[in-house]
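Working notes, structure below.
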Amino acid sequence: MSIINFETATFKEFENIPDHDLAATTKVFKEFTDYMESNEQMNFRFITRGSGPEVIVSSPFLKEPTSCVSLVSNDYLNFTQHPKVKQAAIDGITKYGTGAGASPLIGGHHEYHVMLENKLSAFFNKPKGSSIVFTTGYTANSATLLALLKLEDCAIVDMEVHASVYEGLLNTNTKRFPHNSMVHLERALADTKNTHRTRLVIIDGVYSQNGDLAKLDEIKELVKSYGAYLMMDDAHGIGVLGETGRGAIEVYDALEDVDIIAGTLSKAFGHIGGFIIASPDIINYLRYQSRQQVFSSTSTPATYGLLKAIDLIDEEPHWRKQLAENVTYFRNGLLSLGLDIGTSASPIIPIKIGDPHRTATVARMMLQAGIYANCIVYPGVAKKDARIRTSLMATHTKAHLDQTLNVLEDIGKKISLQKLR
């Protein structure tokens with residue numbers, strides 16, 4: 001008999017079970033996932049064709065693979081399917097092959113990586129040598145922070161930054177401040193003013209679960225006044241927000257105020273990988289001191305597709321405009337249904353419900369009605385903050401969005417979609 005109540009449990013209860021070794025922990029966790037599966041509350045399923053506004057989904061909840069409106073992708077501009085991007089990726093593979101062949105430092109740094117890094121530097125109006133590419137956006141954060149911050153230093157972190165940031169802080173001191181709380185940020189800056197060698201404030205541009213923006217205008221002034229450094233991960237903003245798609249940093253006109261910009265190549269740019277934009281001195285340090293650069297292979301010649309995707313941000317701004325129109329339309333529809341979408345200001349729009357089991361039930365009902373959206377529970381969010389997370393794309397039509405709103409309205413007549421207060 002399990003010591004954990006499966007009816008109320010989340011993944012958190014299985015992280016460190018008292019008196020359970022590896023075998024016992026994994027056994028009881030398997031019993032829990034089987035229980036969730038039997039109650040049609042597991043969120044695992046797979047897509048049988050590429051990213052897009054509609055996908056074919058295979059799931060135990062469905063009798064057969066089914067076409068669904070997809071609200072799970074961060075492929076915001078749908079550049080994974082853009083003919084020019086796909087052709088450029090094909091050209092790269094044709095010219096260079098399918099892999100890099102080695103880690104960057106020992107022979108895996110090719111001319112297409114140099115072209116990409118130079119294009120990223122130019123994208124942010126920085127000189128050559130101001131960018132470095134990593135295998136994933138996750139690694140860009142974790143590997144960079146592990147290289148830069150040590151026991152003598154301190155990271156001052158918004159509590160809702162991405163998990164990859166926290167992984168990068170294992171070898172340093174950390175102070176967390178409540179999300180977007182300037183009072184608590186200033187207190188942390190004051191408390192650490194004379195106690196640590198390097199103090200790095202770390203925020204997201206767009207927060208991945210709530211879809212809201214950092215208060216970058218206020219944060220940059222506080223950081224400057226206390227003599228600290230500022231790092232911003234704008235994975236969900238770059239390519240999407242700002243007049244020219246440069247992200248939250250453009251929204252707040254803060255390009256010269258952020259010391260380290262982290263980004264991903266897997267969202268608006270439609271590929272895979274991550275990058276860091278910083279001073280040439282910091283980039284040079286990471287090239288030789290980041291363990292990912294030394295010991296892990298890097299992006300493939302399909303990276304050529306990214307060279308075109310970055311150009312398309314400027315060449316085809318209508319994708320960004322269409323995405324913004326979709327966001328406004330869908331937000332208004334959700335609000336008209338009385339749903340709690342928090343303070344979202346991006347294509348990420350949560351529908352906050354609160355109870356993890358009820359949230360999983362809603363996700364299953366949506367899927368069975370032809371809408372594929374993510375059930376986000378702990379550890380993605382706090383246990384009490386479970387939600388359905390929706391991500392919009394430029395290629396969603398009004399018909400896709402109306403279908404989703406109609407399904408949510410129907411579900412709301414059967415099960416409460418209101419967040420527990």
Side-chain angles (χ1 to χ4, degrees), residues 4-15 29 31-47 55 57-62 66 68-74 159-160 162-163 179 206-212 236 330-331 333-344 346-392 400-401 403-421:
I4 297 172
N5 182 354
F6 287 176
E7 291 183 0
T8 59
T10 67
F11 286 177
K12 182 174 181 61
E13 281 76 19
F14 300 89
E15 289 180 349
F29 184 67
E31 292 170 354
F32 174 66
T33 56
D34 286 346
Y35 169 85
M36 294 288 285
E37 190 77 51
S38 67
N39 284 276
E40 298 186 327
Q41 293 180 335
M42 283 301 287
N43 194 35
F44 187 79
R45 60 221 37 172
F46 64 89
I47 295 172
V55 295
V57 180
S58 181
S59 167
F61 302 157
L62 302 171
T66 302
C68 296
V69 175
S70 173
L71 298 173
V72 302
S73 178
N74 299 140
M159 293 178 68
E160 294 191 11
H162 194 265
H179 180 49
V206 175
Y207 286 86
S208 62
Q209 298 302 338
N210 285 324
D212 60 339
H236 293 274
F330 192 58
R331 278 175 50 87
L334 294 173
L335 290 173
S336 72
L337 294 176
L339 300 178
D340 181 357
I341 62 171
T343 55
S344 171
S346 73
I348 300 170
I349 306 178
I351 302 169
K352 298 188 176 185
I353 296 174
D355 176 75
H357 293 266
R358 187 155 53 93
T359 303
T361 297
V362 171
R364 185 253 304 165
M365 295 172 73
M366 291 178 70
L367 185 66
Q368 291 172 331
I371 308 296
Y372 181 18
N374 276 320
C375 168
I376 304 294
V377 296
Y378 182 89
V381 293
K383 290 176 63 176
K384 64 181 180 181
D385 208 20
R387 80 277 304 274
I388 301 294
R389 186 179 73 168
T390 66
S391 295
L392 299 189
H400 292 136
L401 304 181
Q403 181 182 344
T404 303
L405 293 168
N406 290 337
V407 166
L408 288 168
E409 184 176 22
D410 289 342
I411 292 174
K413 296 173 182 176
K414 303 171 185 175
I415 180 173
S416 175
L417 299 180
Q418 310 304 317
K419 183 178 179 182
L420 298 177
R421 301 294 181 181

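Since we're looking at a predicted model, the values are computed, not measured.
Counting heavy atoms from C-beta on, the side chains of S416 and R358 come closer than 4.5 Å. Contact annotation: the side chain of S344 never approaches that of D212 to less than 4.5 Å [non-hydrogen atoms, C-beta and beyond]. Considering only heavy atoms from C-beta on, C375 stays 4.5 Å or farther from R364 through its side chain. The side-chain heavy atoms of T390 and I341, taken from C-beta on, include no pair separated by under 4.5 Å. In this structure, the side chains of H357 and E7 stay at 4.5 Å or more apart for every pair of heavy atoms. In this structure the side chain of Y207 never reaches within 4.5 angstrom of the side chain of I348, judged on heavy atoms. T66 places none of its side-chain heavy atoms less than 4.5 Å from the side chain of V57.
In terms of modelled atom types and a separation under 3.5 Å, the side chain of S346 and the main chain of G211 share a donor-acceptor contact. A donor-acceptor pair under 3.5 Å is absent between the side-chain atoms of R387 and the main chain of D340, judged by distance alone.
The two residues I353 and L417 make their nearest non-hydrogen contact at CG1-O, 3.8 Å. Pairing each heavy atom of Q209 with each of I376, the nearest pair is OE1-CG2, 3.3 Å. Here the shortest heavy-atom pairing between A373 and M366 reads CB-CE, 3.9 Å. Nearest heavy atom pair, residue I349 against residue F330, reads CD1-CD2, 3.9 Å. Across all non-hydrogen atoms, the minimal contact from Q403 to G370 is NE2-O, 4.0 Å. Taking all atoms of both residues into account, the shortest heavy-atom contact from V55 to S70 is CG2-CB, 3.8 Å.
Atom CG of L71 and atom CG of L392 lie 6.5 Å apart (nearest 0.5 Å). Here the straight-line distance linking atom CD1 of I371 with atom OG1 of T404 works out to 3.5 Å at 0.5 Å rounding. To the nearest 0.5 Å, atom OG1 of residue T33 and atom CZ of residue F6 are 8.5 Å apart. Atom CD of Q368 and atom SG of C68 lie 10.0 Å apart (nearest 0.5 Å). The CG atom of L408 sits 10.5 Å away from the CE atom of M365 when rounded to the nearest 0.5 Å. Here K414 contributes atom NZ and T361 contributes atom OG1; the two are 13.0 Å apart, rounded to the nearest 0.5 Å.
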- Task: Test side-chain contact (heavy atoms from CB on, under 4.5 Å) on H236 and S391 and set out the steps.
- Result: CA-CA 10 Å; H236 293 274; S391 295; over 6 Å; no
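Ring-plane geometry between Y35 and F32 is classed as parallel, the angle between the planes falling under 30 degrees on a 0 to 90 degree scale with a further cut at 60.
Under the 3.5 Å distance criterion, with hydrogens and angles disregarded, no donor-acceptor pair is assigned to the side chains of H179 and N210.
When I415, I411, D410 are each tested for a side chain to side chain contact (heavy atoms under 4.5 Å, CB included) with K413, only one passes: D410.
F11 has its ring centre no less than 6.0 Å from the ring centre of Y378.
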